[in-house]
Amino acid sequence: PVRRASAVSSASTILATELAHARFFQRDYETAEKQFRAAVDFDNRAIPARFNHWRVLHQMGRNEEAEGALDALQKMIPTDYPLLLKCRARTLHKIGRVEEAEILYRRLVENIAFSPMFMAILAADLGKNDDAFKYLNTSLEQRNDYLLHLSHAPEFDGLRNDPRYAELQNRVLLSKK
(Lines give C-alpha, C1' and ligand atoms only; values in the text may rest on other atoms or scores of the structure.)
Protein backbone atom coordinates (compact mmCIF):
# COMPACT_ATOMS: atom_id res chain seq x y z
CA PRO A 1 0.00 0.00 0.00
CA VAL A 2 2.84 2.45 0.75
CA ARG A 3 4.34 2.06 -2.74
CA ARG A 4 0.95 2.48 -4.40
CA ALA A 5 0.14 5.56 -2.33
CA SER A 6 3.46 7.24 -3.14
CA ALA A 7 2.95 6.48 -6.83
CA VAL A 8 -0.44 8.20 -6.78
CA SER A 9 0.93 11.59 -5.75
CA SER A 10 4.44 12.30 -4.67
CA ALA A 11 3.57 16.02 -4.70
CA SER A 12 1.05 15.87 -1.87
CA THR A 13 2.54 17.30 1.32
CA ILE A 14 -0.02 15.52 3.46
CA LEU A 15 0.56 12.18 1.78
CA ALA A 16 4.34 12.57 1.94
CA THR A 17 4.11 13.44 5.63
CA GLU A 18 1.89 10.44 6.39
CA LEU A 19 4.13 8.07 4.44
CA ALA A 20 7.16 9.43 6.27
CA HIS A 21 5.35 9.03 9.57
CA ALA A 22 4.81 5.34 8.82
CA ARG A 23 8.51 4.96 8.03
CA PHE A 24 9.38 6.73 11.29
CA PHE A 25 7.41 4.19 13.32
CA GLN A 26 9.01 1.38 11.33
CA ARG A 27 12.33 2.93 12.44
CA ASP A 28 13.36 3.47 8.84
CA TYR A 29 14.70 6.88 9.78
CA GLU A 30 16.71 7.49 6.60
CA THR A 31 13.64 7.09 4.37
CA ALA A 32 11.44 9.01 6.79
CA GLU A 33 13.91 11.91 6.87
CA LYS A 34 14.00 12.09 3.05
CA GLN A 35 10.21 12.01 2.84
CA PHE A 36 9.71 14.65 5.53
CA ARG A 37 12.34 16.84 3.86
CA ALA A 38 10.58 16.39 0.50
CA ALA A 39 7.29 17.47 2.07
CA VAL A 40 8.95 20.55 3.57
CA ASP A 41 10.65 21.34 0.25
CA PHE A 42 7.31 21.07 -1.53
CA ASP A 43 5.53 23.34 0.96
CA ASN A 44 7.83 25.15 3.37
CA ARG A 45 4.79 26.35 5.36
CA ALA A 46 3.72 22.78 6.24
CA ILE A 47 4.13 22.84 10.02
CA PRO A 48 3.36 19.10 10.57
CA ALA A 49 6.02 18.14 8.01
CA ARG A 50 8.51 20.54 9.61
CA PHE A 51 7.77 19.27 13.11
CA ASN A 52 8.15 15.65 12.04
CA HIS A 53 11.32 16.46 10.13
CA TRP A 54 12.73 17.81 13.40
CA ARG A 55 11.50 14.67 15.15
CA VAL A 56 13.30 12.25 12.84
CA LEU A 57 16.49 14.36 12.85
CA HIS A 58 16.35 14.36 16.65
CA GLN A 59 15.85 10.59 16.73
CA MET A 60 18.77 10.09 14.32
CA GLY A 61 21.07 12.19 16.51
CA ARG A 62 21.56 14.81 13.80
CA ASN A 63 21.40 17.47 16.48
CA GLU A 64 22.64 20.53 14.60
CA GLU A 65 20.16 19.89 11.81
CA ALA A 66 17.42 19.26 14.38
CA GLU A 67 18.20 22.59 16.01
CA GLY A 68 18.03 24.28 12.60
CA ALA A 69 14.66 22.67 11.93
CA LEU A 70 13.41 24.07 15.25
CA ASP A 71 14.74 27.51 14.36
CA ALA A 72 12.74 27.38 11.11
CA LEU A 73 9.61 26.31 13.02
CA GLN A 74 10.13 29.11 15.53
CA LYS A 75 9.78 31.64 12.71
CA MET A 76 6.35 30.23 11.91
CA ILE A 77 4.75 29.77 15.33
CA PRO A 78 4.87 31.69 18.63
CA THR A 79 8.12 31.26 20.57
CA ASP A 80 6.25 30.23 23.71
CA TYR A 81 4.18 27.58 21.95
CA PRO A 82 4.39 24.54 24.30
CA LEU A 83 5.12 21.99 21.59
CA LEU A 84 8.03 24.09 20.34
CA LEU A 85 9.33 24.49 23.91
CA LYS A 86 9.12 20.72 24.43
CA CYS A 87 11.07 20.07 21.23
CA ARG A 88 13.64 22.71 22.14
CA ALA A 89 14.12 21.15 25.59
CA ARG A 90 14.60 17.70 24.07
CA THR A 91 17.16 19.02 21.60
CA LEU A 92 19.02 21.05 24.22
CA HIS A 93 19.25 17.99 26.47
CA LYS A 94 20.54 15.83 23.65
CA ILE A 95 23.30 18.31 22.75
CA GLY A 96 24.41 18.55 26.37
CA ARG A 97 22.78 21.85 27.35
CA VAL A 98 21.04 20.12 30.26
CA GLU A 99 20.57 23.19 32.45
CA GLU A 100 18.69 25.05 29.68
CA ALA A 101 16.60 21.94 29.02
CA GLU A 102 15.72 21.74 32.73
CA ILE A 103 14.60 25.38 32.74
CA LEU A 104 12.24 24.72 29.83
CA TYR A 105 11.03 21.51 31.50
CA ARG A 106 10.14 23.37 34.70
CA ARG A 107 8.42 26.07 32.66
CA LEU A 108 6.32 23.44 30.91
CA VAL A 109 5.50 21.62 34.17
CA GLU A 110 3.97 24.87 35.41
CA ASN A 111 1.79 25.06 32.28
CA ILE A 112 -1.09 22.79 33.28
CA ALA A 113 -2.82 23.17 29.92
CA PHE A 114 -0.03 21.27 28.18
CA SER A 115 -0.65 17.68 27.11
CA PRO A 116 0.50 15.07 29.63
CA MET A 117 1.60 12.89 26.69
CA PHE A 118 4.00 15.55 25.44
CA MET A 119 5.29 15.95 28.98
CA ALA A 120 5.78 12.17 29.24
CA ILE A 121 7.90 12.22 26.07
CA LEU A 122 9.97 15.14 27.35
CA ALA A 123 10.40 13.61 30.81
CA ALA A 124 11.50 10.31 29.25
CA ASP A 125 14.03 12.16 27.09
CA LEU A 126 15.42 13.96 30.13
CA GLY A 127 15.71 10.70 32.08
CA LYS A 128 12.94 11.68 34.50
CA ASN A 129 11.30 8.26 34.43
CA ASP A 130 9.10 8.77 37.50
CA ASP A 131 7.66 11.92 35.93
CA ALA A 132 7.30 10.18 32.56
CA PHE A 133 5.21 7.41 34.11
CA LYS A 134 3.14 9.94 36.06
CA TYR A 135 2.32 11.74 32.79
CA LEU A 136 1.73 8.46 30.94
CA ASN A 137 -0.75 7.39 33.61
CA THR A 138 -2.54 10.71 33.29
CA SER A 139 -2.58 10.22 29.51
CA LEU A 140 -4.19 6.83 30.02
CA GLU A 141 -6.84 8.36 32.28
CA GLN A 142 -7.52 10.89 29.52
CA ARG A 143 -7.51 8.10 26.91
CA ASN A 144 -4.85 9.80 24.80
CA ASP A 145 -4.71 8.22 21.33
CA TYR A 146 -0.92 8.37 21.20
CA LEU A 147 -0.80 5.56 23.77
CA LEU A 148 -1.66 3.25 20.88
CA HIS A 149 1.94 3.88 19.74
CA LEU A 150 3.39 3.03 23.15
CA SER A 151 4.75 -0.34 22.05
CA HIS A 152 6.71 1.02 19.09
CA ALA A 153 7.21 4.78 19.51
CA PRO A 154 10.97 5.40 19.76
CA GLU A 155 10.39 8.23 22.23
CA PHE A 156 9.75 5.60 24.90
CA ASP A 157 12.81 3.41 24.30
CA GLY A 158 14.41 4.65 27.52
CA LEU A 159 11.44 3.39 29.54
CA ARG A 160 11.07 -0.11 28.10
CA ASN A 161 13.30 -1.83 30.72
CA ASP A 162 11.30 -0.38 33.61
CA PRO A 163 8.69 -2.85 35.01
CA ARG A 164 6.14 -0.03 35.03
CA TYR A 165 6.34 0.06 31.24
CA ALA A 166 5.00 -3.49 30.79
CA GLU A 167 2.32 -2.79 33.41
CA LEU A 168 1.27 0.38 31.56
CA GLN A 169 1.18 -1.46 28.23
CA ASN A 170 -1.15 -4.07 29.74
CA ARG A 171 -3.41 -1.34 31.11
CA VAL A 172 -3.50 0.33 27.68
CA LEU A 173 -4.52 -2.96 26.06
CA LEU A 174 -7.23 -3.51 28.68
CA SER A 175 -8.57 0.02 28.19
CA LYS A 176 -9.03 -0.62 24.45
CA LYS A 177 -11.54 -3.40 25.17
Same cluster for [X] and [Y] if Ile/Leu/Val/Met/Phe/Trp/Tyr side chains link at under 4.5 Å?
{"X": "I95", "Y": "L57", "result": "no"}
{"X": "V109", "Y": "V98", "result": "no"}
{"X": "L108", "Y": "I77", "result": "yes"}

Worked check of side-chain contact (heavy atoms from CB on, under 4.5 Å) between Q35 and T31: CA-CA 6 Å; Q35 289 174 329; T31 303; 3.9 Å; yes
Side chains of [X] and [Y], heavy atoms from C-beta outward: is any pair under 4.5 Å?
{"X": "L122", "Y": "K128", "value": "no"}
{"X": "D130", "Y": "R164", "value": "yes"}
{"X": "P82", "Y": "F118", "value": "no"}
{"X": "Y105", "Y": "D131", "value": "yes"}

Considering only NZ, NE, NH1 and NH2 on the basic side and carboxylate oxygens on the acidic side, decide whether [X] and [Y] come within less than 4.0 Å.
{"X": "K86", "Y": "D125", "result": "no"}
{"X": "E33", "Y": "R37", "result": "yes"}
{"X": "E141", "Y": "R171", "result": "no"}

Exactly one of [options] should register a side-chain contact (heavy atoms from CB on, under 4.5 Å) with [X]. Which one does?
{"X": "F25", "options": "R27, R23, H21", "answer": "H21"}
{"X": "L159", "options": "L168, N129, L150", "answer": "N129"}
{"X": "R50", "options": "D43, V40, T17", "answer": "V40"}

Evaluation steps, side-chain contact (heavy atoms from CB on, under 4.5 Å), between R55 and F36: CA-CA 10 Å; R55 188 177 181 202; F36 284 133; over 6 Å; no
Any chance you could measure [X], atom [atom1], to [Y], atom [atom2], to the nearest 0.5 Å?
{"X": "E65", "Y": "M60", "atom1": "CD", "atom2": "CE", "value": "8.0 Å"}
{"X": "L136", "Y": "L147", "atom1": "CG", "atom2": "CG", "value": "6.5 Å"}
{"X": "K94", "Y": "Q59", "atom1": "NZ", "atom2": "CD", "value": "5.5 Å"}
{"X": "D41", "Y": "H53", "atom1": "CG", "atom2": "NE2", "value": "8.0 Å"}
{"X": "I121", "Y": "R90", "atom1": "CD1", "atom2": "CZ", "value": "6.0 Å"}
{"X": "H58", "Y": "N52", "atom1": "NE2", "atom2": "CG", "value": "13.0 Å"}

Salt bridge (Lys or Arg N to Asp or Glu O under 4.0 Å) between E102 and R97, worked out: CA-CA 9 Å; E102 288 287 335; R97 292 166 55 188; over 6 Å; no
CZ (R45) with more than 12 external heavy atoms under 6.0 Å: no
Heavy atoms from other residues, nucleotides or ligands near CG of N161 exceed 12 (cutoff 6.0 Å): no
Ring-ring centroid check F24 Y29, cutoff 6.0 Å: yes
S139 side chain vs M117 backbone, donor-acceptor pair below 3.5 Å: yes
Least distance between heavy atoms, A39 atom then T13 atom: O-CG2, 3.8 Å
Y146 and E155 side chains, donor-acceptor separation under 3.5 Å: yes
Donor on one side chain, acceptor on other, R88 and H93, under 3.5 Å: no
